[in-house]
2 protein chains.
Amino acid sequence: MADFASTEQRLAVTCRRYPDFPRRPGVLVRLIKHIHKLLHDEANVLLKPHGINHPEYNLLMMLYGTTSGTMSPSELADAAGEKSANITRLTNELCEKGLIARSGSADDRRKVELSLTPQGHAAIDGFLPDICTLLARQGRHLTTSEQIQLEKLLKKFLSGLAD
Amino acid sequence: MADFASTEQRLAVTCRRYPDFPRRPGVLVRLIKHIHKLLHDEANVLLKPHGINHPEYNLLMMLYGTTSGTMSPSELADAAGEKSANITRLTNELCEKGLIARSGSADDRRKVELSLTPQGHAAIDGFLPDICTLLARQGRHLTTSEQIQLEKLLKKFLSGLAD
DNA sequence: GGCAAATAGTACATTTATATAATATATACA
DNA sequence: TGTATATATTATATAAATGTACTATTTGCC
C-alpha cells in the first residue's frame, strides 16, 4: 500500500455510488487499519532479532508496567487485548523461553501469577533501546503539541466505541 | 480492556523504570492498537449475519470503490493491506460464495481480473445500511471539525512510518 | 457442612494469516 | 528468435488467533 491517496480515491467512488456512506468516519477507520498494520509489521521486524514477536513484546511490557510485577493470565489478556485462549499459548512460549514464570496465587488458588524472570528483565533491557528509537522515529513527523492533540482526539474516538 | 486508564498507568510505571521511553508515541501506538481491535471486532459482529467477515468485507469494498469495477489479485492485496498469499484464500472464498468472479485479463495475460458479480453487488447493498449506521455511530463523539483534524493528524503520523 | 452459581484457567478444534518456494506468463534486449 | 529477467499467481507448510467446551476452585446461600 504505497500511499493513502488511492484509498481516498476509492472512498470517493464509494460515496458517489452510495451517497449515504459516512466518508469521514470511513477514512478514519481505514487510516487506523493501515497505520496499525504498519506499526505491527515494523515492531515485528525490529523484535525478530531479539527472539520474540509483537504480541510477546506486548505481554512483557504489560508485566513491566505493573508496580507489583505480577499479573494473572486473565488480567494480562485484558491488558494486552488478547483473547484468553491466546494467552495460554503466548505465556507458554514465554515460559519456555525463560522470560516469565508461573506461580500459584496465595490468596486465590484459582489464579496463576505471572512475573518476569531475571532473563525476562534482561531481554527487556536488550530490546528497549531499539524500541525507543523506533517509537521516536515513528512519531517524528508530529510536534509535541500535535502528539498531544492526536492522543486527545483518539481517546475521544475511542470513547465512541464499545458502549 | 475496560478503559484506557490502566494502560496509561502502566506506561507511567514504564517511564519511571526506563526514563528514555518515549511516552507520547507509546501512548499513540497503544491507542491505535486498542482502537483497531475494537473496530475489527465490531465490524465482524455486524457482518457475521451477512455471511462474511471483516477481511472479506474489505475486499468487496475495494472492488466497489474502483471505477473500472475490476482489480487484479495483487492490486487487491495492496489495496486491502493483505499479503498476497492471503488473497488467494480470501478470493477463493468469495468466488465460492458467488460474490466475485475471476476472468483472464485481455491486455496482460499474466493477470487475472476480479470483479463483483450481481450477487456481490446485492450483498453490498444488503450490508451497507448496517455499515453506515455503524460508522456513523463510531464517529459520533467527534464533531466534523474534530474528524477532519484527526484525519489530518493520522495522515501526518502515517507519513512517519514505512520510509 | 453441602449445594448451586460464578469465575479462572486450559485443551482442543477450527479459522485466519504468514512465509517460502514453485510455476507460469510476459517483457527486454542481444 | 532466443534467453535472461521481472512480475503475477498459486501451492504448501507453518504460525497465529479465535470459538467452544471442559475442569477446578471459590463464593454465596440454604
Side-chain angles (χ1 to χ4, degrees), chain A residues 1-2 33-34 36-45 47-49 51-59 70-97 100-115, chain B residues 1-2 33-34 36-45 47-49 51-59 70-97 100-115:
Chain A
M1 215 188 293
K33 177 171 156 49
H34 191 175
H36 176 264
K37 183 147 208 83
L38 291 173
L39 292 173
H40 181 71
D41 290 351
E42 286 195 0
N44 269 329
V45 167
L47 291 165
K48 191 157 199 170
I52 60 171
N53 58 28
H54 195 201
E56 290 172 329
Y57 159 81
N58 275 320
L59 298 194
T70 67
M71 294 177 100
S72 71
S74 52
E75 286 170 339
L76 189 54
D78 184 62
E82 295 284 349
K83 302 291 156 64
S84 75
N86 218 17
I87 285 294
T88 302
R89 175 179 57 88
L90 291 167
T91 54
N92 279 345
E93 291 170 6
L94 291 171
C95 280
E96 283 164 20
K97 290 173 184 172
I100 67 172
R102 285 194 173 95
S103 70
S105 169
D107 49 292
D108 186 340
R109 277 181 306 185
R110 288 177 299 188
K111 289 189 184 176
V112 169
E113 280 183 353
L114 301 165
S115 56
Chain B
M1 215 186 295
K33 177 172 154 48
H34 191 172
H36 175 265
K37 183 149 207 79
L38 292 175
L39 292 175
H40 181 72
D41 289 350
E42 287 196 357
N44 268 329
V45 168
L47 291 165
K48 191 157 198 171
I52 60 171
N53 59 26
H54 195 198
E56 290 172 328
Y57 159 81
N58 275 320
L59 299 194
T70 67
M71 294 177 101
S72 73
S74 54
E75 286 170 337
L76 189 55
D78 184 62
E82 295 285 347
K83 302 292 157 64
S84 74
N86 218 17
I87 285 294
T88 302
R89 176 179 58 86
L90 291 168
T91 53
N92 280 344
E93 290 170 6
L94 291 171
C95 280
E96 282 164 20
K97 291 174 183 171
I100 66 172
R102 285 194 172 96
S103 69
S105 168
D107 48 291
D108 187 338
R109 278 180 307 183
R110 288 178 297 187
K111 290 188 183 175
V112 168
E113 282 183 351
L114 301 164
S115 56

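We use all heavy atoms of the structure for the numbers below, so side chains are in, but hydrogens, waters and symmetry mates are not.
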Those residues that, when tested against B/Ala101, pass side-chain contact (heavy atoms from CB on, under 4.5 Å) (two or more places apart): B/Ser115, B/Thr117
Please examine the side chains of B/Arg89 and B/Asn86, heavy atoms only from C-beta on, and report whether any two atoms are closer than 4.5 Å. yes
Taking the inter-plane angle between the rings of A/His54 and A/His40 on a 0 to 90° scale, is it parallel (under 30°), tilted (30 to 60°) or perpendicular (over 60°)? tilted
A/Glu82 CD - D/dA15 P separation (whole Å): 18 Å
Give each protein N/O atom lying under 3.5 Å from an N/O atom of nucleotides 25-27 of chain D, with the pair distance.
unit_1	atom_1	unit_2	atom_2	d
D/dT26	OP1	A/Arg109	N	3.4
D/dT26	OP1	A/Arg109	NE	2.6
D/dT26	OP1	A/Arg109	NH2	3.4
D/dT26	OP2	A/Arg109	NH2	3.1

Give the rounded distance in Å between these two atoms: CG of B/Asp41 and P of D/dA17. 13 Å
Taking salt bridge (Lys or Arg N to Asp or Glu O under 4.0 Å) as the definition, give me every residue that meets it alongside A/Lys48, ordered by chain and number, with sequence neighbours left out. none
As a check of understanding: the bend across the helix from C/dG1-D/dC30 to C/dA30-D/dT1, end axes from five pairs, rounded to 10 degrees, works out to 20°
One should read off an interatomic distance between A/Thr88 OG1 and A/Glu93 CD, to the nearest 0.5 angstrom, of 11.0 Å
Mind checking which nucleotides bracket the chain A contacts on DNA chain C, 5' to 3', with an atom under 4.0 Å from a heavy atom? C/dT7 to C/dT18
Against A/Ile100, only a single residue in A/Leu90, A/Leu94, A/Leu59, A/Leu76 fulfils side-chain contact (heavy atoms from CB on, under 4.5 Å); can you say which? A/Leu94
With the side chain defined as heavy atoms from C-beta on, A/Asn53 is closest, among D/dA8, D/dT18, D/dA16, to D/dA16
Quick one, which residues of residues 85-97 of chain B touch DNA chain D with a heavy atom under 4.0 Å? B/Ala85, B/Thr88
Nearest heavy-atom neighbours spanning A/Leu47 and A/Tyr57: CD1-CB, 3.4 Å
Any residue meeting side-chain contact (heavy atoms from CB on, under 4.5 Å) with A/Glu75, in chain and number order, not counting sequence neighbours: A/Met71, A/Ser72
Looking for any heavy atom pair under 4.0 Å, which part of the strands does A/Ser84 touch: base, sugar-phosphate only, or nothing? base
Could you state the NZ-P distance from B/Lys83 to D/dA16, rounded to the nearest angstrom? 13 Å
Could you list the residues that satisfy side chain to side chain donor-acceptor pair (under 3.5 Å) with B/Asp41, not counting sequence neighbours? none
Output the rounded distance in Å from CG (B/Asn44) to C1' (D/dG19). 13 Å
List the residues meeting side chain to side chain donor-acceptor pair (under 3.5 Å) with B/Lys97, not counting sequence neighbours, and say none if there are none. B/Glu56
Set of side chain to side chain donor-acceptor pair (under 3.5 Å) partners for B/Ser84, sequence neighbours left out: none
Nearest-nucleotide comparison on DNA chain C, the residue closer to the 5′ end among A/Lys48 and A/Arg102: A/Arg102
Nucleotide D/dA17, atom C1' - distance to CG of A/Leu59 in whole Å: 13 Å
Apply side chain to side chain donor-acceptor pair (under 3.5 Å) to A/Glu113 and list each qualifying residue two or more places apart in sequence or on a separate chain. none
Could I get the full list of side-chain contact (heavy atoms from CB on, under 4.5 Å) partners for B/Arg102, not counting sequence neighbours? B/Thr91, B/Asn92, B/Cys95, B/Val112, B/Leu114
